[in-house]
Each structure stands twice: as C-alpha cells, then as structure tokens.
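To find a chain, count down the sequence lines: A is the first, B the second, and so on, and within it residues start at 1.
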Number of protein chains: 2
Amino acid sequence: MTAAAANQSGRGPTHTRRMERAGIRDVAAAAGVSITTVSDALNGKGRLPDETRSKVREVAERLGYRPSAAARTLRTGRSGLIGLTVTTYGQEPFTFTEFAYFAEMARAATSAALTRGYALVVLPATSRHDVWGNVALDGTVVIDPADHDPMVAELYRQGLPVVSDGKPGNCPVTAWVDNDHASAVLEILDHLAEAGARRIGLLTGTSTDTYTRLSTEAYLGWCRRVGQEPLYEAYPAHDPCAGAVAADRLLARPDRPDAVYGLFDPNGTDLLAAARRYGLRVPEDLLLVCCSESDVYASTEPPITTLSLKPQRIGTTVVNLLIDAIEGVGAFAGRGGHRLGGSGLSGGRAAYVPPPAYGEIPEGQLMPTELIIRRSSQRRSPRTTVSAPRVPGEG
Amino acid sequence: MTAAAANQSGRGPTHTRRMERAGIRDVAAAAGVSITTVSDALNGKGRLPDETRSKVREVAERLGYRPSAAARTLRTGRSGLIGLTVTTYGQEPFTFTEFAYFAEMARAATSAALTRGYALVVLPATSRHDVWGNVALDGTVVIDPADHDPMVAELYRQGLPVVSDGKPGNCPVTAWVDNDHASAVLEILDHLAEAGARRIGLLTGTSTDTYTRLSTEAYLGWCRRVGQEPLYEAYPAHDPCAGAVAADRLLARPDRPDAVYGLFDPNGTDLLAAARRYGLRVPEDLLLVCCSESDVYASTEPPITTLSLKPQRIGTTVVNLLIDAIEGVGAFAGRGGHRLGGSGLSGGRAAYVPPPAYGEIPEGQLMPTELIIRRSSQRRSPRTTVSAPRVPGEG
DNA sequence: ATGAAAGCGCTAACAC
DNA sequence: GTGTTAGCGCTTTCAT
C-alpha cells in the first residue's frame with residue numbers, strides 16, 4: 001500500500017517506514033488536488049489551467065513519483081512495449097555479419113520505437129512462453145523467423161501484431177519487410193560484368209535461410225542467362241575460419257574466377273588475403289565485392305565495394321509498421337474486416353488492438369539495398385560512387 | 001471487460017464479439033469452480049485435489065487462457081522481469097571483443113534467470129527513463145557501468161536492486177562481479193617469462209574503461225618489478241583496422257618484443273599476420289597470447305594461447321546475485337539493517353524487495369579467468385593444457 | 001475546471 | 001477444500 005493509503009486508512013502506527021515509492025495519491029495530497037487531476041496533468045489530458053498542470057508536475061518531481069507501469073498497463077490494456085526477437089539469438093553464436101546487421105537494425109528500431117512512445121525490449125527467441133508469460137507486449141518484431149515458427153504462430157494466435165524482418169517462409173505475420181536480395185545480386189553481377197569480369201565467382205553459405213537461398217538462386221539464374229558456368233564455394237557462415245578456407249579454395253580452382261562476390265561480411269578481408277597469397281592484384285586481376293555493413297572496407301588496400309542492406313531503414317520501417325498495426329493507423333487503418341468495424345463498440349476499451357488480418361496476405365515490403373562502389377570492383381575510374389537504384393530488365 | 005464478466009452482468013445483447021482473450025473468470029465458469037481455485041490450481045498453491053487441479057489446467061488450456069502479466073504484477077508487486085543493460089549498446093558499434101563476451105554472458109544470464117523463474121530483457125542504456133517508465137523491473141544487471149552513471153544512480157534511488165558486471169567506478173550498486181584482471185595479466189606475463197620471453201610487449205587500448213586500465217597498470221607494474229622496459233602500443237579498440245596497424249607497429253619497433261599479449265579479441269590474428277610479414281616464426285621467434293572468447297584460436301596456425309574471462313560464469317553469477325537480492329535470500333538474507341528487520345511487518349506485502357544497502361560497501365566478487373595454453377606461447381612441450389588458478393606472490 | 005467512483009485481472013486473506 | 005472479498009495503482013467516464 002502507498003504511504004498515503006496507509007495514512008488515510010489510519011491503520012497502523014506511524015512506523016517510520018523505509019521510503020516507500022510515492023503513489024499518485026501521495027502526489028494528489030501534496031498538491032492539494034484529486035488523483036484525477038494528477039493523472040490528467042501528467043498525461044497532458046483534460047483541460048487544466050497550465051498553472052495546475054505545472055504545479056502538479058513539480059510536486060510529482062519533488063516526490064520522485066514514478067507511475068506504475070503495471071497499473072497503467074492493466075487499466076489501458078497497453079504496455080507501450082514491443083518485443084524484438086532474434087531467432088538466432090541465444091543459440092549459435094552470431095556470425096559477425098549477423099551481428100553487425102543486428103546491431104544497426106536494433107539501434108534504428110529502438111529509436112523509431114522511442115519516437116512513437118514505445119520501448120523496445122530484446123527477447124531471446126528461446127524458451128517458448130516462459131518468457132512471454134511475464135511481459136505484456138503490444139506487438140513483436142521478429143528477425144528472420146524460421147518456417148512454421150511455433151512462437152510466431154502462437155503470438156499471432158493470441159491476436160498480437162507480429163512484423164517480421166525477412167520475408168516469412170511459412171508463418172502467419174501481420175506484415176513483413178525484406179531487402180530485394182535477388183535484385184541486389186543481379187545489380188552486383190551486372191556491375192562486375194560491366195567492369196570487365198568474364199567469370200564471376202560466388203562465396204556463399206551452406207545454411208538454408210532466405211537470404212542465402214535467394215541470393216544463391218539469383219546468382220545461378222544469372223549464370224544460366226548469360227551462359228556462364230557457376231563458380232562458387234559454400235561454407236557454414238557462422239565459422240570465420242571456414243570462410244577464409246573457402247575464399248582460398250575459390251581462388252585455387254583451375255578455372256579461377258576473375259571476380260568474386262562474397263555474401264558475408266568477413267569475405268572481403270578473406271578474399272583479399274587469399275588474393276595476396278596467389279599473387280593476384282585487386283582490382284587488376286580480380287574484382288571484389290562483398291555484403292557488409294562495416295566501413296572498414298573503405299580503408300582496406302584497395303578499398304572494397306560493398307553491398308549494404310541498410311539495416312537502419314529496415315529497423316525503422318519494421319517498427320513503424322508494427323506500431324501502425326498496434327494503433328490501427330497508417331496502412332492498417334483502411335483494411336476492412338479486422339478492426340472494430342461492425343461490432344459497434346465505439347465506447348468500448350480504448351483502441352483495442354486490432355487482430356492481424358486472419359487469412360489475408362500480410363503486408364509485404366521490399367526495401368532497396370545500396371551498392372557502395374569502391375576501387376576493388378573498378379578497372380578504370382577509381383572514384384567512390386553510390387549507385388542509383390537498379391532498374392529491372394536492363395540485362 | 002472479459003467475456004465472462006459481460007455474460008454475468010447480463011448487460012448487452014449477445015454480441016458475437018471478436019475472440020476476446022479468456023480471463024480467469026471464463027476459466028472458472030467453464031470449469032465450474034471459483035476464480036480462487038483457478039488461480040491456485042494454475043500456480044500450484046493451496047491444497048487442491050489433483051483432480052481439480054488437472055481439470056482446471058485442462059480447461060484453461062482449452063480456452064487458451066493466458067494470465068495477464070500486468071494484473072499479476074500489479075497485485076504481487078513483482079514482475080518476474082530483470083533487465084540486462086549494456087552501457088555501450090546503442091551507442092558505438094560493439095567491438096568484436098565486447099560482442100563475443102556479451103553474447104556469451106547474455107546467454108548464460110538468460111538461462112540462469114529462466115532457471116529461477118525470471119525472464120531477462122535486454123534494454124539499451126540510452127534514454128534515461130523513457131524506456132524504464134514502461135517496464136516494471138524487479139532488478140537490473142548493468143554491464144560495465146560508467147563512473148557516476150546517472151541511470152544506475154536513479155535505479156538505485158528507486159530502491160531497485162542493481163548488480164553490475166565489472167567493478168563499478170563510482171556508482172552505487174547492490175553488488176558487483178568482475179574478473180581479477182590484474183592477476184590474469186600477471187599470470188600471463190609469468191607464463192611468457194617462464195617460456196623464455198625476455199621482452200614482453202603489450203597491445204592495449206586507448207579507452208579508459210576498467211578492463212583496459214587495470215590490465216595496463218598490471219603490465220606496467222610487472223615491468224617495473226622485473227626491470228623490463230615497457231613495450232606497448234595502444235589503439236582505439238573499437239576499430240579493427242587500427243588493431244592490425246598497431247600490431248604491425250609493435251613488431252616493427254627497433255626494440256622488437258619477443259612475446260606479445262593482446263588485450264582484445266582480434267589481436268591474435270592481427271599479430272599472427274604481422275609476424276608473418278616480418279618473417280617471424282611463432283612460437284620460435286615470437287610468443288603470442290591474447291584475450292578472447294573465440295575458439296578460432298584453437299585452429300589457427302599455430303594455435304594461439306588465449307585468456308578467457310569466462311563470461312558464462314560471470315553471467316550466471318551476476319543474475320543469481322541479483323535474484324538473491326530481489327528475493328532477499330542467499331548472501332542478502334543475513335545482511336542487517338536493510339531488509340524487513342525491525343519494522344515487523346511479517347504479514348505485509350509478500351517478500352517486499354529489500355532496498356539495496358544504502359551507504360554500505362556493495363557485495364563484490366572477483367571471478368577467476370582461464371588461461372588456455374596453446375602452442376603460440378610454448379617453446380617446448382606443445383601440449384594443450386589448462387592452467388590452475390594462479391597463486392599470488394610466486395614471483 | 002475538478003472530483004468521486006468504477007473497475008482493469010489477478011492474488012491472498014479469511015470465511016465457510 | 002472452496003468461495004467471497006478486498007484491494008494492487010492507475011485511467012476514465014460521469015457528475016458537479
């Protein structure tokens with residue numbers, strides 16, 4: 001019970017209790033107003049004179065009053081919390097690639113959430129609902145959900161909005177965002193071919209995630225189309241050593257490629273090291289591109305052309321989509337059938353979370369990538385440029 | 001209102017409402033018992049016949065009943081949530097070292113928390129209380145808090161237990177855990193000297209965090225003691241390229257060291273590469289040790305001796321200390337003065353969180369590190385061994 | 001413009 | 001053994 005309640009009820013002697021947290025009633029009493037006024041003043045609701053408002057705020061400040069999150073949540077049905085779930089988290093160690101991407105993405109997501117008054121909590125995907133039972137989430141962002149992900153399905157079933165980063169294989173989500181991986185790969189291959197490459201190799205992964213799969217497929221399709229024999233090495237992406245070895249193997253082949261695209265962050269340095277071992281000059285003998293969010297590649301010798309997936313943009317978009325779904329605004333305002341429409345309970349609980357679109361095709365969105373062209377992929381003009389978005393169908 | 005409440009009150013026509021989440025009253029009604037029985041059955045409290053218990057559980061399951069975290073928290077005053085705050089998170093990109101350490105530590109912390117019925121939420125340290133206002137935390141783990149960290153101070157002031165990973169410089173915490181960095185460095189230096197090193201160099205960082213500071217000081221002290229001139233290069237640890245350059249510089253000196261200890265994860269490979277450039281054989285011409293949690297160093301050529309900070313152990317310890325403080329058990333059960341002692345409210349709110357020890361010296365704990373000896377630091381017997389804990393005062 | 005009162009969904013006394 | 005009851009601290013009608 002709050003100190004105020006204890007005093008009001010008159011029960012119990014005047015124990016010098018250890019600093020109990022001040023409650024809204026304490027503030028009301030100290031400010032000489034009612035708790036309603038305190039609530040309104042602090043939340044910017046109601047029509048109060050600025051004077052009252054500021055006085056209440058001041059008293060609250062002085063008393064170190066912190067509203068109880070639990071009480072507010074219970075009352076309003078909204079926690080102001082959204083989850084960020086990393087599927088790979090807590091299982092295998094991150095690959096550096098995964099991590100650099102995740103760090104950027106999470107940072108952007110956090111500030112996007114904050115801007116809209118939400119806090120973002122990072123939750124491990126492990127342990128099905130042990131965790132989820134303790135937190136009241138208004139919605140969740142899922143990074144790269146597995147096919148038929150049971151956790152996602154459960155959340156969705158509970159009527160919680162779920163937005164995924166990465167096109168979901170086979171689980172129900174409210175919306176998803178992904179890069180256009182296929183286009184990105186084609187853009188790179190075209191770029192390399194334009195720079196004079198005749199045999200473009202690929203350093204890819206052995207795992208079956210969407211990114212690896214789509215990218216590799218795009219590469220194979222391109223090879224088929226231009227009549228080049230595929231030249232690739234696949235390795236377990238989570239093992240940095242395997243990456244170095246694979247890079248070496250790729251350049252050791254009798255039909256050695258004259259250009260290579262590496263799908264993972266460390267591939268750039270690995271390929272550079274391997275090229276050095278074989279006495280290959282970059283870019284004269286070998287053109288190099290890799291996918292990375294790291295800017296170390298701006299200062300390698302030579303600087304390496306990289307593909308950025310723009311995780312900041314993804315993080316921001318994902319969070320905004322999620323909050324739109326939670327609040328039933330934006331793209332989710334007009335979608336018929338699965339909001340309050342028809343039940344006519346306009347006076348019901350405030351802004352009840354609209355269940356996601358049952359059985360409908362989720363809102364999907366492809367985000368552009370950015371090719372940062374540096375010396376490693378240019379035979380001629382060694383200027384640093386940023387490519388314009390790729391126009392499809394130019395091959 | 002819950003569906004059950006709507007039915008009981010008899011108000012409102014039989015709207016075919018959209019699947020509202022089942023409440024405890026719905027379960028009680030469906031099972032033909034009271035809500036108390038439901039609560040007790042689901043929480044394993046009370047003395048109910050197993051029959052009732054299982055029936056209730058079954059009905060709850062069938063209805064897809066999920067207890068409301070907010071309501072439970074409001075009622076019990078406990079959320080079952082503990083925060084894990086990474087100071088560096090959300091600001092600068094992690095260094096690889098920081099990250100490998102963090103990933104391991106977080107994994108261990110998560111499962112330790114889970115074992116004791118808590119969930120762990122990772123929160124960015126940014127934005128003082130915007131975030132914290134939304135979550136009801138029972139306590140927080142802080143990784144490497146800055147001196148006079150305002151966030152930690154605020155949490156502490158609120159009476160929330162705070163346990164830090166890394167000895168806190170100048171902020172009040174309930175308890176802390178850290179490695180014995182000084183001893184670890186001395187152990188390594190002794191080990192290298194024993195292997196025949198005469199001029200041991202150090203690759204260190206330019207930042208002022210406790211780890212870097214303590215380690216460097218220990219190195220300098222050791223040099224003074226044995227009469228060796230210090231040989232070190234410091235670089236900004238968050239920049240991998242700078243690390244490679246610093247490694248190169250260290251080996252390029254006219255007074256080139258014959259052994260090097262690198263404080264950060266990538267130093268091992270950087271030093272190895274630099275050694276190769278200068279035609280130095282490891283371990284014949286140069287002994288190498290670095291601090292790392294990565295097992296890639298088991299399979300480099302040659303394998304490199306590493307110091308592990310044992311982040312799993314740290315994570316587990318930190319969480320268990322925190323939960324002990326929250327529940328007022330373990331090391332925190334006997335501490336006089338700052339628990340319920342004296343106020344005699346035995347029947348008060350269940351296990352009220354004891355405020356941390358105001359003005360007392362926080363519980364501190366030094367955890368051992370582990371030196372994993374591999375070929376890079378051995379002139380003779382190239383066997384892989386694990387050292388025993390260092391016995392101080394053997395120099 | 002302000003306050004009184006009704007709960008949000010749950011748990012823990014305490015009746016029965 | 002099981003049910004009744006009183007709130008946890010807050011927001012939100014609805015009176016005044």
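Closest of all the heavy-atom pairs between A/Val33 and A/Val38 is CG2-CG2, 3.8 Å. Considering all non-hydrogen atoms of both residues, A/Ile326 and A/Pro161 come closest at CG1-CG, 3.9 Å.
Of all nucleotides listed (C/dG9, D/dC10, D/dG3), C/dG9 comes nearest to the side chain of B/Arg25. For A/Lys45, taking side-chain heavy atoms from C-beta onward, the closest of the listed nucleotides D/dT12, D/dC10, C/dT11 is D/dT12. Here the side chain of B/Arg75 is nearest to one of D/dT5, C/dT2, D/dC8, namely D/dC8. Proximity note for A/Tyr65 (side chain, C-beta onward) versus D/dT11, C/dT11, D/dC10: the nearest is D/dC10. Of the candidates C/dT2, C/dC10, D/dT11, the closest approach to any side-chain atom of A/Leu48 belongs to C/dT2. If you check C/dG9, C/dT11, D/dC10 against the side chain of B/Ile35, the one that comes closest is C/dT11. Closest to the side chain of A/Pro49, from the set D/dG9, C/dA1, C/dC10, is C/dA1. Across D/dT11, C/dT11, C/dT2, the shortest atom-to-atom separation from the side chain of B/Thr76 is found for C/dT11.
The phosphate of D/dT11 has OP1 or OP2 within less than 4.0 Å of a side-chain N or O from A/Arg72. One finds a side-chain N or O of B/Ser34 lying less than 4.0 angstrom from the OP1 or OP2 phosphate oxygen of D/dG3. Here B/Ser39 reaches the OP1 or OP2 of C/dT11: one of its side-chain N or O atoms lies under 4.0 Å away. A close approach under 4.0 Å does not occur between any side-chain nitrogen or oxygen of B/Thr37 and OP1 or OP2 of D/dG1.
Under a 4.0 Å N-O distance rule, the pair A/Arg116/A/Asp324 qualifies as a salt bridge. The pair A/Glu58-A/Lys55 fails the salt-bridge criterion, with no side-chain N (NZ, NE, NH1 or NH2) lying under 4.0 Å from an Asp/Glu carboxylate O.
Within 4.0 Å (heavy atoms only), A/Thr52 reaches sugar-phosphate atoms of the nucleic acid but no base atom. In this structure, A/Asn43 reaches the sugar-phosphate backbone alone: every heavy-atom distance under 4.0 Å involves primed, P, OP1 or OP2 atoms, never a base. Using a 4.0 Å heavy-atom criterion, one finds that A/Thr36 contacts the bases of the nucleic acid, with or without backbone contacts as well.
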